[in-house]
Amino acid sequence: MQLKKDDKVKVIVGKDKGKVGKVLKVNRKKSRLLVENINIVKRHTKPNAQNRQGGILESEAPIHWSNVMLMCNKCIEPVRVKKKTLDDGKTVRICRKCSEIIDV
């Protein structure tokens with residue numbers, strides 16, 4: 001998986017197809033991402049100590065990493081990524097379309 005926290009991704013399949021969001025959390029063990037405002041689910045909760053009112057809460061649910069693509073800042077579209085090692089030994093991600101370095 002070549003996605004990191006704070007990456008900008010576009011959903012390519014599912015109910016949120018075409019939406020763009022920022023990666024909030026990465027779970028590499030389960031191959032899932034938590035993306036801002038993507039895969040919103042409603043959870044019905046009873047009143048408790050933290051939530052005195054109870055009711056219906058909306059939150060993001062994890063989405064599989066294969067359902068999103070990384071957005072390139074220069075191309076401004078979803079792209080595939082390759083890795084390259086620079087002269088100083090640092091490994092960076094590179095856009096396959098425009099060969100721009102994605103890592104900042």
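Note that the structure is predicted; figures quoted are calculated from it, not measured.
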Quick one: does Ile102's side chain get under 4.5 Å of Val81's, heavy atoms only? yes
Under a 4.5 Å cut-off applied to non-hydrogen side-chain atoms, are Asn51 and Gln53 in contact? yes
Who pairs with Arg93 by salt bridge (Lys or Arg N to Asp or Glu O under 4.0 Å), at least two apart in sequence or on another chain? Asp7, Asp103
Residue pairs passing the side-chain hydrogen bond (donor to acceptor under 3.5 Å, both in side chains) test where at least one lies in residues 21-33, sequence neighbours excluded: none
On a heavy-atom basis, which atom in Lys97 and which in Pro78 lie closest, and how many Å separate them? NZ-O, 3.8 Å
What are the two closest heavy atoms between Val79 and Cys72, and how far apart are they? CG2-CB, 3.8 Å
Only distances under 3.5 Å count here; give the side-chain donor-acceptor pairs of residues 55-68 to other protein atoms, sequence neighbours excluded, each with its distance to 0.1 Å.
unit_1 : atom_1 : unit_2 : atom_2 : d
Glu60  : OE2    : Asn37  : N      : 3.2
His64  : ND1    : Ser66  : N      : 3.2
His64  : ND1    : Ser66  : OG     : 2.8

Look at the side-chain heavy atoms of Ile, Leu, Val, Met, Phe, Trp and Tyr, link any pair under 4.5 Å apart, and say whether Leu70 and Leu33 land in one connected group. yes
Can you tell whether the side chains of Glu77 and Lys10 come within less than 4.0 Å, N to carboxylate O? no
Contact between Lys74 and Cys98 at the side-chain level, heavy atoms closer than 4.5 Å - yes or no? yes
Decide side-chain contact (heavy atoms from CB on, under 4.5 Å) for Val35 and Val11; before the verdict, give the C-alpha distance in whole Å, the side-chain angles of both, and the deciding distance to 0.1 Å. CA-CA 10 Å; Val35 184; Val11 181; 5.7 Å; no
Quick one: which of Gln50, Arg52, Lys46 gives a side chain to side chain contact (heavy atoms under 4.5 Å, CB included) with Asn48? Gln50
Can you list the residues that meet the salt bridge (Lys or Arg N to Asp or Glu O under 4.0 Å) rule with Lys19, with sequence neighbours excluded? Asp16
Are Val9 and Val20 side-chain neighbours, meaning at least one heavy-atom pair lies under 4.5 Å? no
Rounded to the nearest 0.5 Å, what separation is found between the NZ atom of Lys90 and the CD1 atom of Ile101? 8.5 Å
Could you please spell out the steps behind the side-chain contact (heavy atoms from CB on, under 4.5 Å) verdict for Val26 and Leu3? CA-CA 8 Å; Val26 178; Leu3 297 169; 5.5 Å; no
Using a 6.0 Å cut-off, check whether atom CG of Asp88 has over 12 heavy atoms from anything other than its own residue. yes
Whether over 12 other heavy atoms sit under 6.0 Å from Arg96 CZ: yes
Set of side-chain hydrogen bond (donor to acceptor under 3.5 Å, both in side chains) partners for Asn39, sequence neighbours left out: none
List the residues meeting salt bridge (Lys or Arg N to Asp or Glu O under 4.0 Å) with Lys84, not counting sequence neighbours, and say none if there are none. none
Heavy-atom check, side chain of Val23 versus side chain of Leu34, under 4.5 Å: no
Please say yes or no: joined through hydrophobic side-chain contacts below 4.5 Å, possibly via intermediate residues, are Leu24 and Met69 part of one cluster? no
